[in-house]
Amino acid sequence: MNIRWWPWGLLAAACLAVLLFFVLYPLVVLFGNSVLDESGAYSLAAFIALARDSQFVQAFQNSLLLGVVVTACTVMVGVPFAYMVARYEFPFKNLVAVLPILTIVIPEIIVGQSWLLVLGNNGLVTNWLAGWGIELPSFYGWTGLVLSMTLVYYTYIYLGVLAALRGFDGQLEEAGLSLGTSPFVTRLRVLVPVVAPAVLVNALVVFTLVVGNFALSMLLASRVPLLSVMTYNTFVSEMGGNPALQSAMSVVSIAIVAGVLFVQKRVVERKVYTMTQGRAPAPRRVRSGASLLFTATVGLVLLASLLPLIVVFVGAFTATSGPVMHWGSWSLDSLQRALQAAPEPIVNSLRFASMATVVGVAFAVLASYLIIKKRTLATQALDYVVVLPLTISGTVLGIALVQTFNTGWLVLAGTSTIMVLAYAVRRLPFAMRNASSTLFNIPESIEEASISLGVSPLMTFFKVVLPAMKASLISSAILMWVTTISELSASMVVYTGGLETMPITIFRQVDGGRLGLASAYGAALVSVIVLPIVIAIKVFRINLFSTK
Amino acid sequence: MAAITIDGIVKQFGGLTVLQQLSLHVPDGAFYTLLGPSGCGKTTLLRCIAGFYEPDGGRLLFDRDDVTRTPPHRRDIGMVFQDYALFPDKTAFDNVAYGLRARQVARAEIARRVAEALDKVGLAELAARYPAQMSGGQRQRVALARALVIRPRVLLMDEPLSNLDAKMRLQMRDVILDLVREAGITTVFVTHDQEEALAMSDRIAIMDRGRIAQLGTPEELYGTPANAYVADFIGSANLLPVPTTGAAEPGRVRYQLAGHALEGRRDGPAPGKGQGLLIARPEELALGAAAPPQPNALPGRVLRRQYLGFKTAYRVQLHDGPELRVEQHGGSHASAFQVGDAVQVLIPAHSRVIAADNA
């Protein structure tokens, strides 16, 4: 069909303009600020200062090291776990299905907080072991960072490898066997090359997430300088002054992610094989001894993943005096304070997340539709700009938005709009991916059928395309809701007094040692996350977390 | 209902000209088929008629209305797609009602007409089903009902049967023909299946690289193909270049094949000496024992024999000549020849020779 300027050309131009203004332009401002000194002259002073700053160099190295260590740990946990689930049959295996849900549902901040409650300085297990004379290494620092991040991020490896294993054509293995290699060698030669790219791709994702991680780093890295924390602290200390240092740091972290993406495009994607006929071999039942081991492993992983949920709810109902949790004696005080005395963060979170969800999903659907069904030069540009947020951590995005929109004709800093904007922009690539994959499967012929029956192309979009996308829209909205409501890194940067969200408040309470109150907000946060998921699954019967 | 006039339509994609000044007139109420191999432009032409492609040149008329620049949703067409294109989130009833609702027909009237349309395609009981709950044949019936219920001026069908299994395809041919004849609607049907085209059409336009190679009734196309392309596309034919030596009488021609002088039929003006093309369908040739020699018969040897039940197909190597395909219908005597047997191939005097430049 010919694409005229009305309505699609106009809409594409509008989408592109919005993205250029709210995504590309702030990045340009950020890059500009990193190479301009106070007088506005071009200068590399900020970068030189960073290179000479031993603290920064230390933080830079630490972040990379943490990235490598955590990624290695997630691979060591995720790959064997995926293989076990894909290839063997054992009691209670079905429980693993909830793992991806748990990871999405439980905000990082709550994972950090609950592990602090268990293994922190005053933690449940720490104190219990101290009673026996055993001293645990402090959870603040490398131990806590590696443990908590591994638990948060291993699902990326697990799900990626699981999908690869399930898509693997079992006949290849049989072919190997028939050609005379032993089962072990066959597996090594046939299976590994096919699964390795999945591991690599997801390992790179984990690496960038770890380097950009904010919530756990802020909570646990007080003694280990890290890039993300340092960037945030610089942002806070430079408030109002010359933003050169924060900008330069942001540029460094963007460069790290860009480097990783480059490696991914160049090296990894070329090695991804496509399986034409994926019929995975049926899982094998294992003998009783091994099955006990397997079940125990699943139980352990499940417990470790579930622990934050349990702890935060128990913590919310536990009596406290100051920073001390009186485990075993119950009280409604914390909850009452959170819900009645200071419900503002809860209200704020609900407001921002719902607005961001509506704005983000609507934009994602429209933009994906234009990109997939109405290809023009403008929509191709759209396609490129839309992935930009993927290269930016929340902290950096927040900094870019604040720098751009705190002066000039459009002042957004300090308004709730900037919160919504930060959320929507951050999640846009994911919402777009979701919408695009659905649109890809909607044949053009149903639109043409509608048009042939006398309905205009624009109305056809509303009467035929949107209804056909309903299931994907709901799941997309829920994922957007869940991820934005637990967003911390960008929020911390862009919020001002009166705009605190639940994650920010939880962070502040944990930081101030008031773990009881933090748990109360945590319980509230988890509840508003879980509720729509339950509704989606029970009422709309939507499969939110299909691993395909 | 309307006649369709396609007047010198040109359509290009990039630098490629897919329709080359193509003209065609479909009279009111006629069933025309566009037939050709993939890439011949038949679907492009159909989509130009529908309005999904805007032609780069030429005009398109529905009766006297010039609809060349009319957007598709204002053309009042009914269209049936290869993949059915049913709205997945709507029931059969709502699918069929869709076009009527767009035309703001009154509710009661919609209910009546949809029920009637579903009844005509034999799906009255399945009105509440969703597309995913129906078989391919049922879906295509809903799609047909949906296109016809709005009483469009023209009905356009883009390979509507090719996603169905063989049995359902035969059944749907009748369903489509019954409905279209009853409605008396002008229909353009696109297919690459020659049998379908022969069985259903008033006229067939055989397309070749963006042009119409021949337009005619099924009988004309099969009996008197205008050129080698058509002869080869419709049915199968032995196409043999032959030198012609002149005419014996009007409508006749003498030609040489494998060193023998033969006589055949010739349309149009009597030819002189030149190159001709013999078009002989395998079933119009006959096979006989090697002796005694008969007129218009050429000696040869059986290369291959395929027994197909109702017929037997042979490949015969002529002595000092080309290979021929011969099909014998009927009982066991027709398949009496074996590989290696010496035979005579009878080329009947009504086999056609056309001018070679027509190929």
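Values in this document were obtained by computation on a predicted structure and should not be read as measured data. Here is the naming used below: chain letters follow the sequence lines, and residue numbers restart at 1 for every chain.
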> When B:F52 is tested against each of A:E448, A:E447, A:E444 for side-chain contact (heavy atoms from CB on, under 4.5 Å), which residue passes?
Replying inline: A:E448
>> Would you compute the distance between atom CG of A:L453 and atom CG of B:N95 and round it to the nearest 0.5 angstrom?
In response: 9.0 Å
> Side chain, backbone, both or neither: which part of B:R101 has an atom under 4.5 Å from a heavy atom of chain A?
Replying inline: neither
> Can you tell me if CD on B:Q21 sees more than 12 non-hydrogen neighbours from other groups inside 6.0 Å?
Replying inline: no
>> Within the supplied structure, the quantity of interest is the number of heavy atoms (other residues, nucleotides, ligands) at a distance under 6.0 Å from A:F440 CZ; does it exceed 12?
In response: no
>> Could you report the tightest heavy-atom contact between B:F87 and A:I446, atom names first, then the distance?
In response: CE2-O, 3.2 Å
> With only heavy atoms counted, which part of B:L156 is less than 4.5 Å from chain A, the side chain, the backbone, both or neither?
Replying inline: neither
> Shortest non-hydrogen contact from A:V455 to B:A102?
Replying inline: CG2-CB, 3.4 Å
> Residues of residues 73-81 of chain B under 4.5 Å from chain A (heavy atom pairs)?
Replying inline: B:H73, B:I77, B:M79, B:F81
> A:P467 and B:D89: which non-hydrogen atoms are nearest, and at how many Å?
Replying inline: CB-OD2, 2.8 Å
>> Which heavy atom of A:K463 sits nearest to which heavy atom of B:K90, and what is that distance?
In response: O-NZ, 2.9 Å
>> Under a 4.5 Å cutoff for heavy-atom pairs, which residue among A:P443, A:S445, A:A468 has the most contacts with chain B?
In response: A:S445
> If you count the non-hydrogen atoms of other residues, nucleotides and ligands that lie under 6.0 Å from CD in B:E109, is the total more than 12?
Replying inline: yes
